[in-house]
Structure formats: structure tokens, C-alpha cells
There are 2 protein chains.
Amino acid sequence: MADAGSEQPRATRSTKVGRPRRSEQALLDAAAAVFVRSGVDAPVREIAAEAGVGMGTIYRHFPTRPELVVAVYRHQVEACANAGPRLLAESATPEAALRAWVALFVDFLVTKHGLAGALHGDSAGSDALHAYFVDRLVPVCGSLLEAAVESVGTPPQIDAYNVLKGIGNLCIGATHDARYDAEALVQLFISGVLARRVR
Amino acid sequence: MADAGSEQPRATRSTKVGRPRRSEQALLDAAAAVFVRSGVDAPVREIAAEAGVGMGTIYRHFPTRPELVVAVYRHQVEACANAGPRLLAESATPEAALRAWVALFVDFLVTKHGLAGALHGDSAGSDALHAYFVDRLVPVCGSLLEAAVESVGTPPQIDAYNVLKGIGNLCIGATHDARYDAEALVQLFISGVLARRVR
DNA sequence: CTTGTTATCGGAGCGTCGCTCCGCAACAAT
DNA sequence: ATTGTTGCGGAGCGACGCTCCGATAACAAG
């Protein structure tokens, strides 16, 4: 029998048998579309409807909302993570690299409605979204931070985890308030992190 | 008749007639207790149960949740607002005053579970909580900021509204994450606001 | 004391949402 | 054809925000 399949157009078939499980990518595309339209807190029903599947299917592929969100934005988070070392290599100064990276991160968060707000570890450790962002970006942020701090000759005043979460928090609600300038606040915050004055 | 009440200890009576509407203060006390126990996002049913009244009563006195929250924390917000001028007068430097006031504000936000997170103007302008905090505290923060900026001889880099909201955002989630140090982040942010370097 | 008026009270009820769970259908193996 | 396996869909449950109306109680007039 082998795999002499002739009629199956896509047949991802990675598991042992069964139906060609409905393309996860289709779900991700639908979710992305809904996230753009209604924010990352959009009802699961709406995502299911957009994808033309039942809610069960969504939950089967992504048992928790954070997992879905992570999957949707994985590429962009990876791009952001990869941009770190690149900026550090290409920029004139480590501080410039840090500020450029931070601007990238801020732009990413601000353009995704509600993403920054969903970044919290509310569910007592079981928050995959928070964990993913932290695991992936803290090291990157840490490298940039370390380099920048060293280049300006100040002792490190805070760890990368706090800096990253602080930036994330500063981006919350930026889309709903024209007067609120998250980018400016974050850059000022970075100034503080790199400033000589401790108190 | 006057107010020769002899049996009514508190009798607020502000409306014309009817029953001595159930003391709002009792509701506020109950709400405060629940907020401490379950955060400011506690279900209205829970607050009503704690107060021993029906939900209708809660909604009659405080049609929206922000109004209830404002009422519960009004005293502390006022105290915070009043502390501004006082600190400015008593502190050695305007910067010290600003930093002390900010520490006060941060402590206030961090100790009230979820208050910082509820500070957003999500409901398109109709958010009384956001409006109250902004109206009451932005001027205070502005004065301190102005004095501090002037004393260190830097041009103002951002307005008080953004500073206040930034601080509020930095306090989000502080209670759920032992590694997250909101106070430190905010003070670094203030350093940035007062720093010479603009870019 | 009785009756009428009026404001307040309490919670049933409706719509929404997150999440679970079970019957069903489609395919593979026999 | 029959049986086994696996993915699929959505009904259903509990929680919640918020509304709305019948019940209730205080007071004034008679």
C-alpha cells in the first residue's frame, strides 16, 4: 500500500492515520483576521465562525487562548527576537541598538489590539503567552541592555525581565487613547534605565 | 421638626422623603472589603451579597462600576492629591518631592488589586474612573513635574497626562509577580523624564 | 386606624462568554 | 459489509454584567 496516494491533494498526514486534520494554518489565518478586527480578546465563537469550524476544533488545536495567540504571532515574535543581535551588530552604538529594538517591540505591541494587555501571567504560572514572550525576548532584551549599559558606563539598575514587562505595560491601551504616546514613554523609560542618577 | 433626631445615628436624608435610603457608606464598606479580598473586578453579585442587599441596590447607587470604585477610593485619591503640594513645600528639592509623590501613588495602586488595570478609558469616554483619576491627579502631577523639570534645567519632555498614565500602567500586575518591581521601574522612568539626554 | 402615595428593595431573567463533553461522520483495516 | 479509530461540531453548563418589575415599607392625609 505504501503512500501511493493519488487522490489526496493536501494530506498533511503527520500523525499515524485518520483524516487530514483541518489545516491549522487556516485556523491561524482566521484567528489573525479576527484579532485585527476585534482584538486578541475576541470571543472564541467568533474565531470559530470566521474559520468555518466548530469551537471544539479551535480548542482541540489550541487548548488555551494563550497558545492560540502565541501561534498567531510566533513569526513576528521570532522576527523581533532575531532583530536584536542584528541591530546590535549594525547600529552605531549599543544604546542606539537598544532603542531601535525597543521601538520595534513597541510598534509590534501597539499595533496588535490588546496584545500588551494579554501579556500578564494572570493564571498562576499557566500562562503560555506570558511565558513565551518572556522566554524568547528576555534574553534578547538582556543582551541589548547589557551592551548599552556597559557602553554608557553605568551600573545595571534593573534586570531585563523587569524592563521587558515594563515596556509591555507601557504599551497597554495605546490604541484607545490618542493622547497617550507609548513610544515616547518607553524611550524616556530607557533613558532612565541608562541614566547615571540612581536616586 | 428640624433635625432633632434622637434614634437615627446617621440618617443621611438628602432627598425629599421616603425611606432613609440604605446607607451608601455600608455599601462602600462592603465593596471595599470585597475589593481587598477579590480585587476591583469582583462580581457585583459578590459585593451585593457582602453588603446583604440585592444587586439592584448596588446598581441604583452606583450605576457603573467605575462610579463605585471611585467612591470606594475617593478618600485615598484625595489624600494622594493633597500630598502633592505638601511634598513640594516640605521636600528638599522638587525632584525629591516628585519622587516621593510618585512612590505614594505607586504604593496606592499596587496595594489595590487590579486597580491599575481598571484605570483605562476602555468604554469610549464614559469611563468615570479614568476621568476622575485624570482630573484629580494630572494637575498635581503636573505641578510636581514642572517644578522638578525646572529645577534640573531640562526642557519638559512629556506632559503630565502621559506621565500619570505611564505610571499607572507600570503598576499593572505588580501584585501577581514577585519578580516585577513596579516601584523601581517607575523611579527609573522618572529618571528618564528628568534626564538631559533626549535621544 | 385606614388608605393612598411614593420611593426603595431584591432578585428573576436575558444576553454573552469561556470551556467541556458527547454523539456523529468519515476513513482505514479486516 | 463490518468494525475500529479519529477528528469534528455544537448543545449545554456555569459565571457574569446589567435591566426591569413586582413586592415592600414608610409616611401623609383622611
Side-chain angles (χ1 to χ4, degrees), chain A residues 1-27 30-31 34-35 38-69 114 118 122-124 126-129, chain B residues 1 3 5 7-8 10-27 30-31 34-35 38-69 114 118 122-124 126-129:
Chain A
M1 46 202 68
D3 57 340
S6 54
E7 77 294 10
Q8 291 288 63
R10 65 255 207 258
T12 16
R13 74 178 312 287
S14 52
T15 54
K16 47 190 61 174
V17 64
R19 302 250 293 295
R21 67 186 342 176
R22 212 177 209 78
S23 156
E24 281 198 4
Q25 193 54 49
L27 297 186
V34 173
F35 285 171
S38 311
V40 292
D41 291 323
V44 176
R45 288 179 223 275
E46 186 176 342
I47 299 170
E50 172 78 23
V53 303
M55 299 191 332
T57 304
I58 303 282
Y59 280 106
R60 189 158 320 102
H61 288 301
F62 309 99
T64 71
R65 174 177 293 271
E67 288 179 57
L68 174 60
V69 177
D122 31 18
S123 304
S126 70
D127 192 322
L129 181 58
Chain B
M1 48 201 67
D3 56 342
E7 77 294 11
Q8 290 289 65
R10 63 249 204 267
T12 16
R13 79 172 308 284
S14 52
T15 54
K16 45 189 66 176
V17 63
R19 303 251 293 298
R21 67 185 343 171
R22 209 177 211 78
S23 157
E24 283 198 3
Q25 193 54 49
L27 298 187
V34 173
F35 285 172
S38 310
V40 293
D41 292 324
V44 176
R45 284 169 164 87
E46 186 176 341
I47 299 170
E50 172 79 21
V53 303
M55 299 191 329
T57 303
I58 302 282
Y59 279 105
R60 190 160 322 101
H61 289 301
F62 309 99
T64 71
R65 174 178 292 270
E67 288 179 58
L68 174 59
V69 177
D122 32 16
S123 305
S126 70
D127 193 321
L129 181 59

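Letters go in sequence order (proteins before strands), and every chain restarts at 1. Because the structure is a prediction, the values reported are computed rather than measured.
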| Exam field: side chain A/R65 to backbone A/V40, donor-acceptor pair closer than 3.5 Å | yes
| request: Looking only at non-hydrogen atoms, find the nearest pair between B/V34 and B/A42 and report the distance. | output: CG1-CB, 3.4 Å
| Atom CG of B/L27 and atom P of C/dT8: how far apart are they, to the nearest Å? | 13 Å
| query | Which whole-number value in Å describes the distance from A/E67 CD to C/dG18 C1'? | reply | 15 Å
| said: To the nearest 10°, give me the bend of the helix from C/dC1-D/dG30 to C/dT30-D/dA1, comparing the axes of its five terminal pairs at either end. | reply: 30°
| For the pair made of CD in A/E24 and P in D/dC8, what is the distance, rounded to whole Å? | 10 Å
| task | Quick one, give me the B/S/- string for nucleotides 17-23 of chain D, reading 5' to 3', where B means a protein heavy atom under 4.0 Å from the base and S means that only happens at the primed atoms, P, OP1 or OP2. | result | BBB----
| query | Side chains of A/I47 and A/L68: closer than 4.5 Å at any heavy-atom pair? | reply | yes
| Distance, rounded to the nearest Å, where A/I47 contributes CD1 and C/dT16 contributes C1' | 15 Å
| task | Step by step, work out the side chain to side chain contact (heavy atoms under 4.5 Å, CB included) result for A/F62 and A/V69. | result | CA-CA 9 Å; A/F62 309 99; A/V69 177; over 6 Å; no
| note | Applying side chain to side chain donor-acceptor pair (under 3.5 Å) to A/E67 and not counting sequence neighbours gives A/T64
| said: Rounded to whole Å, how long is the line connecting atom CD of A/E46 with atom C1' of C/dT16? | reply: 12 Å
| remark: All heavy atoms of B/A118 vs all of B/L129, minimum pair found to be O-CD2, 3.3 Å
